Every structure is written in C-alpha cells, then in structure tokens.
Participant: 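Structure incoming, see below.
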Amino acid sequence: MTFTVFGYTGYWYGLIFGLGALAYLGLAGVLGFHKRLPAGVIRLFGLIGLPMSLIFARLGFCAVNFGYYTDTVSQPFLMLHFWDGGYSFFGMLIGLVIATFLTARIRKVRFGSLLDVTTAPLMLLVIGARIAEAFSDGQLGIGRQVEESLFTQLMPWLFVQEKMGTLVLFRLAVYRYEVAVALMLLVPSLWLFFSRRQRRRAHAGDVAMIIYALYGAAQVVLESLRDDGHMVAGFIRVQQVGYIALPVLALIIFCARYSRIREISTARVTAWVALPIAALVGVLMVKPLNHVLDLTDKRMIGGVVLAFFALYFILFLRLKRVDWRLVVMWLVILIAIAGCVMVEFSVDGSDNLLRDYGVMAGCCVLIFMMPYRLWRTLENRVYREERIRVQIKQV
C-alpha cells in the first residue's frame with residue numbers, strides 16, 4: 001500500500017515500521033538517561049543499530065532462501081536488492097545486539113547495562129513491525145485458514161477475510177495477535193527495568209536475557225500460527241528455531257553462573273545436564289516423536305551417542321555436590337521442546353487447533369519458566385548475601 005507526498009511515492013509499511021523504530025529509540029533514550037549512561041550513547045546506538053539491523057535482517061532472509069536466488073532464479077546478485085523486500089526479524093534482533101556490543105566498546109560502558117537499556121523497550125519496535133504487516137497487501141502476518149463458525153462471527157477482528165467470488169475465507173490475523181502480545185510484554189519488560197529491588201539484585205544484562213527468553217517463548221507459538229511461507233526452509237520454520245533458542249541460551253548462562261556460586265565443576269554440571277539428553281536419545285531409539293526425530297532405524301547412531309555419554313559419565317561424573325535442580329530444569333525444558341515439536345508437525349492435520357495450540361502454549365510457558373526460576377534463585381542468593389553484610393555492619 002502506497003501514498004504520495006509532493007509527487008514522491010511512499011509505503012505505509014516502511015513509514016509505520018520507521019515510526020515504531022523511532023518510538024523504540026526514544027524510549028531507549030529515556031531509559032538510558034534513567035540508567036545514567038553517558039550522553040550520546042543511545043544516539044550512537046541508533047546510528048550503528050539502524051544499518052546493522054537491516055544488514056543482519058537481510059542476511060538472515062537470504063541465508064534461508066539462498067537456494068531461491070542461486071537455483072530457482074539463478075541470479076544471486078538479487079540478494080543485494082534489499083529494496084525488493086525480504087527480511088528476518090530474528091536477524092534484526094541479532095543486528096541490534098551486535099550494535100549494542102559495538103556501542104558499548106566504543107563508549108566504554110558495560111555491555112550488560114546497555115543491553116538492558118536497548119532491550120527493555122524492544123516491544124515498541126515489535127509493535128511497529130507487526131502493525132506495518134497489515135499494510136503488506138496480505139503477504140505477511142497471515143495465519144492458517146479456519147472454518148466459518150460462531151467464533152468468526154462474534155470476533156471478526158481476530159481473522160482476515162479473503163473473498164473469492166461469493167466464497168469468503170477466514171484466516172488467522174497473526175500480526176494482530178503479535179501486536180497484542182507485544183503490548184502485554186511491554187509492561188513486564190519495563191517493570192523489570194524500573195524495579196528498584198530487581199536492579200539492586202540483578203547482574204547487568206539479566207533483564208535483557210529474561211525479556212528475550214519471554215519474547216522467544218511467546219514467538220514459538222506465534223510463528224507456528226503463521227502460514228505466509230516466510231522464512232521456511234523445507235518443513236522447518238527457521239525463526240521458530242531461533243526464538244526457542246533464546247530461553248535455552250538464557251538457561252545455559254544462568255546454569256554457568258549457578259555452578260560457579262555452588263562451586264560445582266563445569267564437567268560435573270555438564271554431565272548431569274546431559275543426562276536428560278541421553279534419556280531422550282534412548283526414547284527416540286524405541287519410539288520416535290515424529291518422522292524427523294526417529295532413531296528406530298538408526299540405532300547404531302543412537303548407540304554411539306549413548307556410549308559417548310556413558311564414557312563421559314565414567315570419566316567426569318562425581319557423586320558429591322550433585323544438584324538435582326539443574327537436572328530437573330533441563331529435563332523439563334527438553335520435554336517441553338519435544339512437546340512443541342510434536343504439535344508443530346501434527347498441527348496441519350489437526351481437527352482442533354485451539355487444543356493443540358493450547359498444548360504448545362503450555363509447553364512454551366514451561367520453557368520460559370526454567371531460566372526465569374533459576375534467575376530468581378540467583379537473585380534470592382544475592383539478596384541474602386546483602387542482608388548478611390548489612391547485619392554484620394550493624395553488629
């Protein structure tokens with residue numbers, strides 16, 4: 001959809017996305033002032049972040065669709081035509097994180113502190129991007145087709161209607177759901193940033209990791225709802241894989257910090273963390289989750305993997321200082337991921353989308369709760385140490 005100003009043609013998609021980016025940078029500036037960052041840090045971040053986010057967004061899209069440019073149209077140079085469209089929102093997030101790192105190095109501020117500032121208002125950027133999808137001529141943010149029912153009549157704003165003669169098709173308006181979710185996530189994001197208790201107890205960068213973990217878990221469901229063919233490699237939704245990696249990465253970082261506090265050796269922690277993975281491999285050798293996660297006819301490979309884990313346990317595992325919290329957390333998150341995979345590969349032929357996506361949403365809640373709970377445990381430990389230091393000073 002276009003508009004004309006003084007003879008120049010503009011695109012509503014780009015205008016709304018740009019306004020969302022300006023709102024994001026404006027709020028980041030306010031948060032940076034609140035955080036007492038040096039003057040001009042957010043301006044420099046904006047100057048670096050704009051081209052960096054566009055570059056990585058385009059790189060992500062072209063990497064997934066590399067075969068289209070090289071084989072289908074046999075014109076690889078078209079990947080340089082960024083004005084033709086084709087971007088990855090997950091790639092843009094990577095670009096923003098890299099821009100944050102470069103800005104922190106240039107201005108000599110803590111990367112974690114600046115990352116908290118640039119991540120807390122992220123949902124404003126998401127809102128702008130998703131509203132802009134409404135002006136993409138129905139090419140983006142559209143979900144699966146559903147049957148006309150009482151639900152479609154009572155809540156027509158949840159669906160996009162496509163008319164084909166006298167036939168009316170109802171499809172999920174996923175971009176509207178993503179706007180609503182981003183609005184809901186903006187509140188806890190800002191609360192985490194401004195909460196005095198959280199600021200005193202959290203490490204720099206923790207707020208950003210929790211926000212990314214929460215957003216990543218939510219996007220796993222929302223990406224599954226999409227049916228616009230965006231960023232699909234074969235049968236895998238690439239961005240969905242990237243988003244599910246965000247809470248997993250947060251859990252890995254918090255586990256490493258937890259192991260240092262508890263003075264648990266890295267090898268021992270890795271061994272216990274690997275235990276659920278070994279169990280999953282064993283299950284796949286007996287009964288596959290789906291046609292992709294199937295080791296029933298590849299038992300030799302599964303046996304080699306289990307033998308490797310057994311050797312690792314024999315060489316490094318010690319019975320002392322075992323913390324079952326990490327084992328349970330990784331077991332839960334792996335089972336939840338497996339649940340998401342099973343729903344994703346069976347939802348196309350489902351007769352009850354509400355039930356299936358309810359299951360996936362429940363699994364994603366568990367995926368987020370694992371790093372969040374471990375983070376709260378680390379916070380509580382810091383809080384107890386602060387109280388002990390205060391009591392010692394009073395004595």
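No experiment lies behind these values; they were computed from the predicted model shown. Along the sequence shown, the residues carry numbers beginning at 1.
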Participant: To check you understand the geometry: which heavy-atom pair defines the closest contact between Leu27 and Pro121, and what is its length?
Facilitator: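 Heavy atoms of Leu27 and Pro121 come nearest at CD2-CB, 3.5 Å.
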
Participant: Side-chain contact test, heavy atoms from C-beta onward, threshold under 4.5 Å: evaluate it for Arg144 versus Leu225 and give yes or no.
Facilitator: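 Contact flag for Arg144/Leu225 side chains = no.
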
Participant: Show every side-chain hydrogen bond (donor to acceptor under 3.5 Å, both in side chains) that has at least one partner inside residues 109-128, sequence neighbours left out.
Facilitator: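 Of all non-adjacent pairs touching residues 109-128, those that pass side-chain hydrogen bond (donor to acceptor under 3.5 Å, both in side chains) are Thr100-Thr118.
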
Participant: Quick one: do Arg176 and Glu133 make a salt bridge, cutoff under 4.0 Å?
Facilitator: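 Glu133 and Arg176: not salt-bridged.
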
Participant: May I ask you to test the Pro38-Val109 pair for a side-chain heavy-atom distance under 4.5 Å?
Facilitator: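 In contact.
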
Participant: Check whether any side-chain heavy atom of Ile337 lies under 4.5 Å from a side-chain heavy atom of Val248, and answer yes or no.
Facilitator: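 Heavy-atom side-chain distance check passes, below 4.5 Å.
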
Participant: Given side chain to side chain contact (heavy atoms under 4.5 Å, CB included), test Met123 with Leu183 step by step and report yes or no.
Facilitator: CA-CA 7 Å; Met123 293 306 115; Leu183 283 171; over 6 Å; no

Participant: With no hydrogens and no angle check, is any side-chain donor or acceptor of Arg171 less than 3.5 Å from a backbone partner on Gly143?
Facilitator: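 Yes; at least one donor-acceptor contact below 3.5 Å.
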
Participant: Any side-chain to backbone donor/acceptor pair from Gln239 onto Phe89? Under 3.5 Å, distance only.
Facilitator: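 Yes.
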
Participant: Identify, with sequence neighbours excluded, every residue that meets ring-ring contact (aromatic ring centres under 6.0 Å, His included) alongside Tyr215.
Facilitator: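 Applying ring-ring contact (aromatic ring centres under 6.0 Å, His included) to Tyr215 gives Tyr243.
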
Participant: Checking Ser224 against Tyr357: is there a side-chain donor and acceptor pair closer than 3.5 Å?
Facilitator: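 The answer is yes; a qualifying pair exists.
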
Participant: Give the minimum heavy-atom separation between Cys340 and Val220, together with the two atoms involved.
Facilitator: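 Residues Cys340 and Val220, closest heavy atoms: SG-CG1, 4.4 Å.
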
Participant: Looking only at atom types and distance, does a side-chain atom of Asn65 sit under 3.5 Å from a main-chain N or O of Cys62, one as donor and one as acceptor?
Facilitator: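 Not confirmed, Asn65 side chain does not pair with Cys62 backbone.
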
Participant: Can you sort out the partners of Phe101 under ring-ring contact (aromatic ring centres under 6.0 Å, His included), two or more places apart, ordered by chain and number?
Facilitator: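 For Phe101, the residues satisfying ring-ring contact (aromatic ring centres under 6.0 Å, His included) (neighbours in sequence not counted) are Phe111.
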
Participant: How are the rings of Tyr24 and Phe45 set to each other: parallel, tilted or perpendicular (split at 30° and 60°)?
Facilitator: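 Plane angle over 60°, so perpendicular.
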
Participant: Are Met155 and Trp157 side-chain neighbours, meaning at least one heavy-atom pair lies under 4.5 Å?
Facilitator: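 Yes, close enough: below the 4.5 Å cut-off.
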
Participant: Can you hop from Leu158 to Met184 via hydrophobic side chains spaced under 4.5 Å?
Facilitator: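 Hydrophobic grouping puts Leu158 with Met184.
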
Participant: Nearest 0.5 Å, please: how far is CZ in Phe17 from CG in Leu22?
Facilitator: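 Between atom CG of Leu22 and atom CZ of Phe17 there are 11.5 Å.
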
Participant: With respect to Met52, which candidate in Leu102, Leu47, Leu96 satisfies the side-chain contact (heavy atoms from CB on, under 4.5 Å) definition?
Facilitator: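 When side-chain contact (heavy atoms from CB on, under 4.5 Å) is applied between Met52 and each of Leu102, Leu47, Leu96, only Leu102 qualifies.
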
Participant: Would you say Leu246 and Phe368 make side-chain contact, with heavy atoms under 4.5 Å?
Facilitator: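 Result no, sub-4.5 Å side-chain heavy-atom pair not found.
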
Participant: Would you kindly check if the NZ (Lys) or CZ (Arg) of Arg376 is within the cone defined by 45 degrees around the ring axis of Phe254 and under 6.0 Å from the six-membered ring centre?
Facilitator: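 Judged by the rule (NZ or CZ under 6.0 Å from the ring centre, within 45° of its axis), Arg376 is not positioned above Phe254.
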
Participant: Mind listing the closest non-hydrogen atom pair of Leu115 and Ala208 along with its distance?
Facilitator: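 Smallest interatomic distance, heavy atoms only, reads CG-CB, 3.6 Å.
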
Participant: Assess whether side chain to side chain contact (heavy atoms under 4.5 Å, CB included) is satisfied between Leu374 and Cys255, documenting all intermediate values.
Facilitator: CA-CA 8 Å; Leu374 188 55; Cys255 277; 3.7 Å; yes

